[in-house]
Amino acid sequence: MNGRLAVFIAGVCLSLAACAGPQKPPEDLLALTDAQLKIRSFQTRTFDTQDSNNVLRAVIGSLQDLGFIIERANAPMGLVTAGKFAGQGYAGFVEVTVIVRSTETKQSEVRVNALFNTKPIEDPKVYQNFFTSLERSLFVSR
Amino acid sequence: MRRKRSGILPTTSPNSSRTGTGSPSGLLRWPVLPIVAGLLLSGCIQMAKPETFFELTPDSVKHKALQSRMFEMTDEKELLSASAAVLQDLGFQVEESEVDAGVLRAAKERSARSVWQEIAQGLVFVLGLFGQKAVIMPVDLHQQIGATLVTRHAENDTSRYTVRILFHRKVWKGDGNDGNTYIPPGQQSMEIIYDAEIYRQFFAKLSKSLFLEAQQI
């Protein structure tokens, strides 16, 4: 009986955990940390082309190749957002935002942010795979 | 010892556990177990391999060929507006368009009810009655069919454009019941449509509206 009670109490505690009062936002919420700089570096890649519209179209093409559904695109801003269901039993949702900008050095800079179940993906391998696919898409269009 | 074993077996009906004076455990145990199991299993979804999200699969090339056609024309705007018109003919509402990126997104809402699922639901309910459990299996209620269309000119050649369209389907389930547990409605599932006939029909309509032959890529 004690065991059952313990399981019940554990269940109640877990449910009540949601009721905890709002926490103060951490003070470093908007601070730029080393980790963030590192993440930004592997989320970004520069391509030797001035035609950022072509790069944007290659981004859209590679996202389609990867089975993403394009949700929004804005050419003047160089912005694309896309999503797909993934993971076990397609229970998770991957969201990706890509921004293409032309740099002063006449290159195009591609920045990718990916989320899985609203949690940022911070694995460099994931972004590497995306850029491999993008390079292929850019190469095909040339 | 015997009493404990009978408590574990899931044969106690909801009513008997509520009225039974000797075993409040039935009332406690069954809702708690799914909650704890649910909490443990929610961790497993995170274990999906993110590095595979951006990896091309062996089927990628096949799917691309299925979803793309090439048209010999110079006006991308005309190609996009003809595509929008074809999607409208097919009952889609255009939701998003960006000419400079060659993107068009459209959707249509339809009922997802199917007779077979309702028969299955009835059968499961009857079978559940033998186990003294009210089991109502959630069935598909509503679906949204989405289309994402992208145009792109081919290999430094603005006289030929590739049109790629991707059809997908989102399905929402209704509510259900599993013994004591109520299954809330709104469970969502999604699939990309790979039926060649659907793509063939779309491109046939698009060629007709452009007076051009679509070419396989």
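Order of the sequence lines sets the chain letters (A, B, ...), proteins ahead of strands, with each chain counted from 1.
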J.: Determine, step by step, whether A:F68 and B:L166 satisfy the side chain to side chain contact (heavy atoms under 4.5 Å, CB included) criterion, reporting the C-alpha distance in whole Å, the side-chain angles of both residues, the deciding distance to 0.1 Å, and the verdict.
T.: CA-CA 9 Å; A:F68 278 86; B:L166 201 148; over 6 Å; no
J.: Under 6.0 Å between ring centres: does that hold for B:F53 and A:Y127?
T.: no
J.: Sub-3.5 Å donor-acceptor pair from the side chain of A:R57 to the main-chain atoms of B:T151, do we have one?
T.: yes
J.: Measure B:H63 against the heavy atoms of chain A and call it side chain, backbone, both or neither at under 4.5 Å.
T.: neither
J.: Assess whether atom CD of A:E109 is packed by more than 12 heavy atoms of other residues, nucleotides or ligands within 6.0 Å.
T.: yes
J.: Report, as yes or no, whether the 6.0 Å neighbourhood of atom CG on B:D195 holds more than 12 heavy atoms from other residues, nucleotides or ligands.
T.: yes
J.: Heavy-atom distance under 4.5 Å between the side chains of B:Q67 and A:D65, does that happen here?
T.: no
J.: Between A:A114 and chain B, with a heavy-atom cut-off of 4.5 Å, which part of the residue counts as in contact: side chain, backbone, both or neither?
T.: side chain
J.: So which residue, A:I69, A:I60, A:I121, ends up with the most heavy-atom pairs under 4.5 Å with chain B?
T.: A:I69
J.: Determine whether A:Q64 and B:S60 make a side-chain contact, defined as any pair of heavy atoms from C-beta on separated by less than 4.5 Å.
T.: no
J.: For B:V99, is it the side chain, the backbone, both or neither that has a heavy atom under 4.5 Å from a heavy atom of chain A?
T.: backbone
J.: Are more than 12 heavy atoms from other residues, nucleotides or ligands located less than 6.0 Å from atom NZ of B:K108?
T.: yes
J.: Looking at every non-hydrogen atom in both residues, tell me the closest pair between A:I70 and B:T148 and how far apart they are.
T.: O-CG2, 3.4 Å
J.: Given that the side chain runs from C-beta out, which part of B:I192 has a heavy atom under 4.5 Å from chain A: side chain, backbone, both or neither?
T.: side chain
J.: What part of A:D123 is in contact with chain B, defined as an atom under 4.5 angstrom from a non-hydrogen atom: side chain, backbone, both or neither?
T.: side chain
J.: Would you say that A:T132 contacts B:E55 through its side chain, given a criterion of any heavy-atom pair below 4.5 Å between the two side chains?
T.: no
J.: So what's closer than 4.5 Å to chain B heavy atoms on A:V80: side chain, backbone, both or neither?
T.: neither
J.: List the atom of B:A101, the atom of A:A75, and the distance in Å for their closest heavy-atom pair.
T.: N-CB, 3.8 Å
J.: Between NZ of A:K125 and CZ of B:F54, what distance do you get to the nearest 0.5 Å?
T.: 12.5 Å
J.: Roughly how far apart are A:S137 OG and B:K64 NZ, rounded to 0.5 Å?
T.: 6.0 Å
J.: Does any heavy atom of chain A fall under 4.5 Å from the side chain of B:R105, the backbone, both, or neither of them?
T.: side chain
J.: Quick one: does any side-chain atom of A:N129 pair with a main-chain N or O of B:T52 as donor and acceptor, under 3.5 Å?
T.: no
J.: Would you compute the distance between atom CD of B:Q188 and atom CZ of A:F85 and round it to the nearest 0.5 angstrom?
T.: 4.5 Å
J.: Heavy-atom count check: over 12 atoms from other residues, nucleotides or ligands less than 6.0 Å from B:E191 CD?
T.: yes
J.: Count the heavy atoms of every other residue, nucleotide or ligand shown that sit under 6.0 Å from CZ of A:R111, and state whether that count exceeds 12.
T.: yes
J.: If you compare all heavy atoms of A:P76 against all heavy atoms of B:E98, which two are closest, and at what distance to 0.1 Å?
T.: CD-OE2, 3.7 Å
J.: Does some side-chain heavy atom of A:R72 sit less than 4.5 Å from a side-chain heavy atom of B:E96?
T.: yes
